[in-house]
Structures are given as C-alpha cells and as structure tokens.
Number of protein chains: 2
Amino acid sequence: MKKISRRTIPRTLLYLRTLESLIKEGRYTVSSGELARITGLTDVQIRKDISNFGRVGTPRIGYKTRELKNILKDYVLPENIIRMVLFGAGSLGTAILKYPGFRKQRLKISAAFDKDKRKTGKTINGVKVYPVERAPEVIRKSRVDIGIIAVPSEHGQEVADLMVGSGLKGIVNFAPVSLNLPENVSARDIDLSIEFLALYCDTRM
Amino acid sequence: MKKISRRTIPRTLLYLRTLESLIKEGRYTVSSGELARITGLTDVQIRKDISNFGRVGTPRIGYKTRELKNILKDYVLPENIIRMVLFGAGSLGTAILKYPGFRKQRLKISAAFDKDKRKTGKTINGVKVYPVERAPEVIRKSRVDIGIIAVPSEHGQEVADLMVGSGLKGIVNFAPVSLNLPENVSARDIDLSIEFLALYCDTRM
DNA sequence: TTGTAATCGTTACAAATTTCACGATTTTTA
DNA sequence: TAAAAATCGTGAAATTTGTAACGATTACAA
Ligand SMILES: NC(=O)c1ccc[n+]([C@@H]2O[C@H](COP(=O)([O-])OP(=O)(O)OC[C@H]3O[C@@H](n4cnc5c(N)ncnc54)[C@H](O)[C@@H]3O)[C@@H](O)[C@H]2O)c1
Ligand SMILES: NC(=O)c1ccc[n+]([C@@H]2O[C@H](COP(=O)([O-])OP(=O)(O)OC[C@H]3O[C@@H](n4cnc5c(N)ncnc54)[C@H](O)[C@@H]3O)[C@@H](O)[C@H]2O)c1
C-alpha cells in the first residue's frame, strides 16, 4: 500500500463526490478528461492520483464509475461511522447540527456541548446539547473521533484543551484563533474571514 | 512590488490575525520564533513570507507588532470595504448573516437572496433578504465584489450563473457541487464534509 | 482481421514551495 | 569597547507538487 501524498486526499474525496453524482445521473463510465472538466483539475493529475490506488481504468473507455468509487472509498473512507462532537450550539453550531448531508458521508454528530444553560438540555435535530462539564464523560462513553469548535475565539483554547483531555485526536476549528495542541492531535482551521479575504486577493490578480 | 506566491496570502492573513491579537494584549514586538510557536508554522517560513514585503524586522528584537500589521495590511487588505452578497438564507446562510466578526475585517454583506417567499422581505442582522430575481439589479447597484453560495447543491450552478451574469468576480461556494465558471471568475470551495473526512484521514496516519 | 482513435499509466521534466545554512545586524553586558 | 547572544534576511539545496510527453492498451469500425 503506497503512501498517499497529503494533497491527494482531499482531491480523492472530491472525485468520490463527483462519482456519486455521476452515478446518480446513471453514468456507467467516465474518463479522466471529463472528471477534469467537472472538477477544474487537469486530466493528468486525476490519472496520477487514481494510479495511487492501482490500475483501474480501461483505455478507450475510462473508469467505471461504481468500481472507481468503491476503490477510492477503500482508501479514504472508513468502514464504520465517524463520530463527532460539537462545542458551541450558537448560530454556526446549530447550522452544522441541522445539516442532514453528513449522514450520507458516514459522518455523525453524537453530541453537542454548550456553556450557556439556555442552550443545554435541548435536542437539535436529534442531537442532545449537554452542559460543557459533561463533555469528558460523554465523549469517552461514545468513542468519538473528531471534535468541532464553534465557540467564540476567546474560549477556543479552553475547549481544545478539554477535547484533548477527553482523548479526541482530530479537531476542526471554526474560531479565528490559533490553537496550541500536542503533536498527536491533528487540526484543520477554517477561518471564513480569511477565506473571503484570500478570495478577494485572488480576484485582484 | 514583488509577486506574492499563492500560498503566502492566506498565511499573511493569518499573521495579521495573530498580530491583531498580540496588539490587543499590549505586545509591542514579536519574533519570528514566537509567531511560529503561535501559528504552528516554522520561523523560517514566516521570515521568508515577511521578507516579500520588505526589510521590516530588527535583529535581536523581532518585528514591531503595529508596524508589521500595517505593512501586511497594505499588501493583502484593500483600503475600502469588501462588499459581498449571500444566496440562500437557510441555516448556514443565516449563521453567516448573523456573524458580527466580518465587520472588523472590512467585510460587509450588502444583501441576501432567497427563492423561498417565506424568507424574503425579512431583514437579518440588518441585511435585507430579496427574492432571487432581483439579484442582478441589486448587485449591480451596490458594486459588490464577492458572492457566497449557501443554497442546496442542486441549485448551485444556477446561482453561480446568476452571479457571473451580474458581474461578480469571486465566489465562495459552500454547496458540495463543482461549479462550471468562466476563466475570469475566482472561486473557493468549502465542502465541510470533505474537511471532516480529510481530517479523519489525517488522524489515521 | 487489421487499422485507428481514445484513453490509460508512467517516466521524465518543470515549477513551486519549503527547509537549511549561514552571514549580517543589533542589543546587551562584562 | 569588545564579546556574546538573539534574531533577521537570503541564496542555495531539498522536497513536494504539478505538467508534459509518450508508449501501451483497448474498443470499435472498416
Ligand atoms: N457564524 C458564522 O458565520 C461564523 C463565521 C466565521 C467564524 N465564526 C466563528 O465560529 C465560532 C462560532 O460562531 P457563532 O456565530 O456560532 O457564535 P455564537 O455566539 O452564535 O455561538 C457561540 C456558542 O458557544 C457557546 N459557548 C461559549 N463558550 C463556550 C464554552 N467554553 N464551551 C461550550 N460552549 C461555549 C455559547 O454559549 C454560544 O452558544 C466563533 O468563533 C466565530 O468567530 C462564525
Ligand atoms: N448547514 C451546514 O452546516 C452545511 C454543511 C455543509 C454543507 N452545507 C451546504 O451549504 C448549503 C446550504 O446549506 P443549509 O444547511 O443552509 O441549507 P438550507 O436548506 O437550510 O438553506 C438553503 C436555502 O437556500 C434557499 N434556496 C434554494 N434554492 C435557491 C435559489 N435558487 N436561489 C436562492 N436561494 C435558494 C432555500 O430557500 C433555503 O432558504 C447547501 O449546499 C449545503 O449542502 C451546509
């Protein structure tokens, strides 16, 4: 099993998303050239990425959509459901809790936590909102993989510490603050302001 | 004025965010090493990025927080406010509309658009929600720079076409669908499912 | 059955990005 | 005043990432 380079993983997930959409349209095959047109990448890059996973395409035909989907899945999706918890049932947190699209991706939010007593006790879209103190207990009990930070940035670090202390190994952080985390915890920061500003720079060049 | 390489731009915005936070704490200077510890990048990378903008640091001292902030701002932030419009006042769209943090970054949402008559007419956090048909007119009138797509993925392309037709040059797309756009329009796709899944892959390696 | 066109997979190449190594500069202090 | 310590800036090396070129393979049509 070859080592997959860092950037190919999100691209592979994008191929998966595209394949699922093509399958839904009833397509049986697709070429690297067409995937390139759809995704905005180049055909060579796509062939190269896919070649990481074995020889799967057929000259003159391309790739069989279902077959390719299953192969890619084996490499980048787990068999079991990915369990997540959310900290901060505010406006962004609530939007995430309400989103029905995660289920299809085997992503499940097991629980939410909030500091504000007016938010706790409720159930949003089937997910219970606990007081933040109960986080370690609830997280340990339900074998959670990933934590989502959707609290104000001033509380980002304290929530991150709580997550690490509860054994989480991955954090998605929406708060515009840099987290101090141990080596063995992975994080992805999504700062929407930076996204908008960077896009604006892109448009000026 | 040197050409700034593509990846340095979001990093520079991250330095700005960090500097603003340090300034708020009352810090007058900061070294590349300390910026590295905070942001998780390396000190060399930070010095190299900053060197794009001129010789601004002082040996033995580091960088003056305010001075560096102003210099970076000149390169990656516009003088004027960046105007944005939002399509889809659903749960994610509403969270974005309600977020007060954009103002500090000179980001302003000028208007929102929705197809659903139950959502239009309202004002969310001071932003009017118009019927989607009025988009071209409203966008042209208010010199908007960027459009945000927060509609279901089935409607992503039609909304993108409407944006392009109204003259927008940048699109941030939250819908899990690949958009077909002309060359001269920049886009950034934020697919939260892919973010979560890619993070999960990261934790398994 | 054979030629042709489309497409894959891969090797070699190019470009971008990051890291390394180290000299230069400035402050501190002995 | 001179040595020491901390830090910057930068050219060169290393790494990563992406691109181009092209032979190999397959389906299909003549
Ligand atoms: N809403 C957006 O569109 C948007 C955009 C960019 C960034 N963000 C960032 O995402 C984060 C959440 O934004 P939001 O708009 O949902 O904020 P919000 O104020 O609506 O919600 C924050 C929630 O976190 C809870 N909370 C506070 N401290 C907590 C703690 N220690 N533990 C658990 N819960 C705690 C609060 O009670 C509240 O319910 C913020 O960091 C914000 O900067 C949001
Ligand atoms: N909410 C999340 O956390 C989340 C997570 C991942 C991805 N997304 C994506 O973000 C997008 C929005 O998600 P959401 O949860 O806010 O959905 P939502 O259903 O709550 O809201 C969608 C809104 O778009 C409006 N709309 C539909 N077609 C439109 C059109 N042609 N023009 C204008 N408005 C139109 C609807 O009336 C509705 O108000 C979706 O593509 C979704 O897949 C959301």
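Because the structure is predicted, anything quoted here is derived from the model rather than measured. Only heavy atoms go into these numbers, but all of them, side chains included; no hydrogens, no water, no symmetry mates.
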Closer than 3.5 angstrom, by distance alone: can the side chain of [X] be matched with the main-chain N or O of [Y] as a donor-acceptor pair?
{"X": "A:Asn70", "Y": "A:Glu67", "value": "no"}
{"X": "A:Asn125", "Y": "A:Leu97", "value": "yes"}
{"X": "A:Thr65", "Y": "A:Tyr28", "value": "yes"}

Give the rounded distance in Å between these two atoms: [atom1] of [X] and [atom2] of [N].
{"X": "B:Leu41", "N": "C:dT17", "atom1": "CG", "atom2": "P", "result": "15 Å"}
{"X": "A:Ile4", "N": "D:dT17", "atom1": "CD1", "atom2": "P", "result": "12 Å"}
{"X": "A:Asp43", "N": "C:dC8", "atom1": "CG", "atom2": "P", "result": "8 Å"}
{"X": "A:Lys64", "N": "C:dT7", "atom1": "NZ", "atom2": "C1'", "result": "15 Å"}
{"X": "A:Leu68", "N": "C:dT7", "atom1": "CG", "atom2": "C1'", "result": "14 Å"}
{"X": "B:Phe53", "N": "D:dG9", "atom1": "CZ", "atom2": "P", "result": "12 Å"}
{"X": "B:Asp49", "N": "D:dT10", "atom1": "CG", "atom2": "P", "result": "13 Å"}

Polar-atom pairs under 3.5 Å, protein N or O versus N or O of nucleotides 19-26 of chain C: list them with distances, or write none.
| unit_1 | atom_1 | unit_2 | atom_2 | d |
| --- | --- | --- | --- | --- |
| C:dT19 | O4 | B:Lys48 | NZ | 2.9 |

Item to complete: Return the orientation label for the A:Phe174 and B:Phe196 ring planes: parallel under 30°, perpendicular over 60°, tilted otherwise.
Response: perpendicular
Worksheet item: Are B:Tyr63 and D:dG9 close enough that a side-chain N or O sits under 4.0 Å from OP1 or OP2?
Response: yes
Fill in: Pairwise side-chain hydrogen bond (donor to acceptor under 3.5 Å, both in side chains) hits with a residue in residues 194-204 of chain A, at least two apart
A:Glu195-B:Arg188, A:Tyr200-A:Arg204, A:Asp202-B:Arg188
Practice prompt. Report the residues that fulfil salt bridge (charged side-chain N to carboxylate O under 4.0 Å, His left out) with B:Arg27, sequence neighbours left out, ordered by chain and then residue number.
Written response: B:Glu34
Per-pair distances, 0.1 Å, donor-acceptor, side chain in residues 100-109 of chain B, under 3.5 Å, sequence neighbours excluded:
| unit_1 | atom_1 | unit_2 | atom_2 | d |
| --- | --- | --- | --- | --- |
| B:Arg106 | NH1 | B:Pro78 | O | 2.6 |

Item to complete: Count the heavy atoms of every other residue, nucleotide or ligand shown that sit under 6.0 Å from NZ of B:Lys64, and state whether that count exceeds 12.
Response: no
Worksheet entry | Nucleic acid contacts - residues 6-37 of chain B versus DNA chain D, non-hydrogen atoms under 4.0 Å | B:Ser31, B:Ser32
Name every donor-acceptor pair, under 3.5 Å, that has one atom in a side chain of residues 140-156 of chain B and the other anywhere in the protein, sequence neighbours excluded.
| unit_1 | atom_1 | unit_2 | atom_2 | d |
| --- | --- | --- | --- | --- |
| B:Arg140 | NH2 | B:Gly165 | O | 2.6 |
| B:Ser142 | OG | B:Val138 | O | 2.7 |
| B:Asp145 | OD2 | B:Arg83 | N | 2.9 |
| B:His155 | NE2 | B:Lys115 | NZ | 3.2 |

